[in-house]
Amino acid sequence: MIVDETIRQVLSEHARLVVDVSTLDDRADLFAAGMTSHSSVNVMLALEDAFDIEFSEEMLKKATFESIGAIRRAVQEMQARG
Amino acid sequence: MVPSGAAGVNEARDRFRADLLEAGLLIPTGVDGLYGGSERYESVVRALDDLIDRVGADQRARMIRFPPVMPWANFVANGYLESFPDQMGSVHGFGGDQRQHAELVRRAEHGEDRGPLLRATDMVLRPAACHPLYPTMRGVLPEEGCRVNVSGTCFRHEPSTDPFRMQVFRMHEYVYLGTPERARDHRDEWLRRGIDTLGRLDLPVESVVANDPFFGRPGRMLAANQRDEELKFEIVTPVYASEPPTAIASANCHLDHFGRPFGIETARGDVAHSSCFGFGLDRIALALFNRHGTDPNAWPAAARSVLWP
């Protein structure tokens with residue numbers, strides 16, 4: 001899936017994970033995998049660029065970016081809102 | 001009638017400000033949030049500064065006093081520019097020739113922007129008492145870590161007519177650098193001491209989870225994360241009836257936010273964590289005047305004996 005590939009690409013470039021992103025499944029905790037508060041902000045901004053979306057105010061929190069699955073749901077929701 | 005909403009809050013602020021000015025405690029300068037302090041006001045600030053030294057006397061903290069300006073490079077390296085650009089007070093100078101000087105004076109006389117004729121120096125006003133400390137701690141800490149007592153004048157560019165929101169204010173802090181566990185213990189221990197000390201001054205206080213006012217959309221996310229991780233607590237006290245209580249002290253766990261950029265290591269060779277507890281000296285003084293009245297001689301005896309033992 002192109003969405004997942006893009007998410008993984010963004011994570012590998014911005015999340016500063018201590019493990020290889022390819023080893024993480026949908027539900028793996030990205031913060032436990034090394035992503036910090038500051039790097040999660042960079043992930044958020046890079047996702048906005050990559051998908052040409054702007055996350056809504058209520059999405060700007062840790063839970064939105066805690067796993068690949070959570071990120072996909074947030075991206076798809078913003079894409080659906082257009 | 002009980003005032004409600006924004007109008008009520010503004011009224012309460014304006015009344016408190018008027019009381020302070022009328023009593024001569026604060027001397028207005030013409031710039032919002034910038035005041036002189038009378039002898040009576042400063043005697044309270046000084047007593048608080050001394051009290052906080054006494055409260056931490058058992059901590060064997062190193063006392064260091066830095067000037068209220070710090071190197072620009074450190075201000076950038078510690079992330080303040082990235083997170084709080086709107087609060088910055090950059091120090092500028094003039095290095096032009098005679099013609100540019102004449103133009104600068106002309107602009108000043110006409111109330112025009114002087115910015116283009118000034119040049120930034122390598123300094124910035126410090127936003128917190130502890131910020132100049134971290135770059136000086138580079139290297140390996142002793143086994144037990146390091147505790148430091150810092151105090152002094154700080155600047156944040158947020159003009160307001162609310163006396164509690166000064167642009168230039170004093171802060172007295174206890175900082176710890178060492179292992180993650182001890183940094184957290186330091187914050188929690190000082191949160192207890194802070195609540196106890198302020199309670200003994202007869203201020204109704206409680207601690208609440210808080211966040212720093214990070215800038216912009218990324219900032220909203222950082223703020224939410226900070227709250228989520230319960231890294232920062234504030235000690236708050238009610239000052240205006242219709243408004244949430246005001247912070248007069250804060251406890252902050254920085255994780256490795258300062259240890260990493262400034263190369264500070266624990267004895268075990270890990271990146272050092274740090275935490276700080278800061279008493280807002282002007283805000284506590286104002287809370288005392290707000291609650292107990294403008295004459296410290298008439299304050300509750302118990303609170304007076306804590307301030308002036």
Next on the checklist: Strictly less than 4.5 Å between heavy atoms, which residues of residues 13-21 of chain A line up against chain B? Please order them by number.
Outcome noted: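 Result: none.
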Is any NZ, NE, NH1 or NH2 atom of the basic residue among [X] and [Y] found under 4.0 Å from an Asp or Glu carboxylate oxygen of the other?
| X | Y | value |
| --- | --- | --- |
| B:Glu144 | B:Arg182 | no |
| A:Glu77 | A:Arg73 | no |
| B:Glu189 | B:Arg192 | yes |

What part of [X] gets closer than 4.5 Å to chain B, counting heavy atoms only: side chain, backbone, both or neither?
| X | value |
| --- | --- |
| A:Glu57 | side chain |
| A:Glu58 | neither |
| A:Ser40 | both |
| A:Phe65 | side chain |

Flag for [Y]-[X]: side-chain donor and acceptor within less than 3.5 Å:
| X | Y | answer |
| --- | --- | --- |
| B:Glu173 | B:Trp190 | no |
| B:Asn74 | B:Tyr80 | no |
| B:Asp212 | B:Gln226 | yes |
| B:Asn225 | A:His38 | no |

Checklist entry - What's the shortest heavy-atom distance between A:Ala28 and A:Asp25, and which atoms? => result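 Smallest heavy-atom distance, with atoms named: N-OD1, 2.9 Å.
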Checklist entry - Is chain A contacted by the side chain of B:Arg227, its backbone, both, or neither, given a heavy-atom distance below 4.5 Å? => result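 Looking at B:Arg227, nothing touches chain A.
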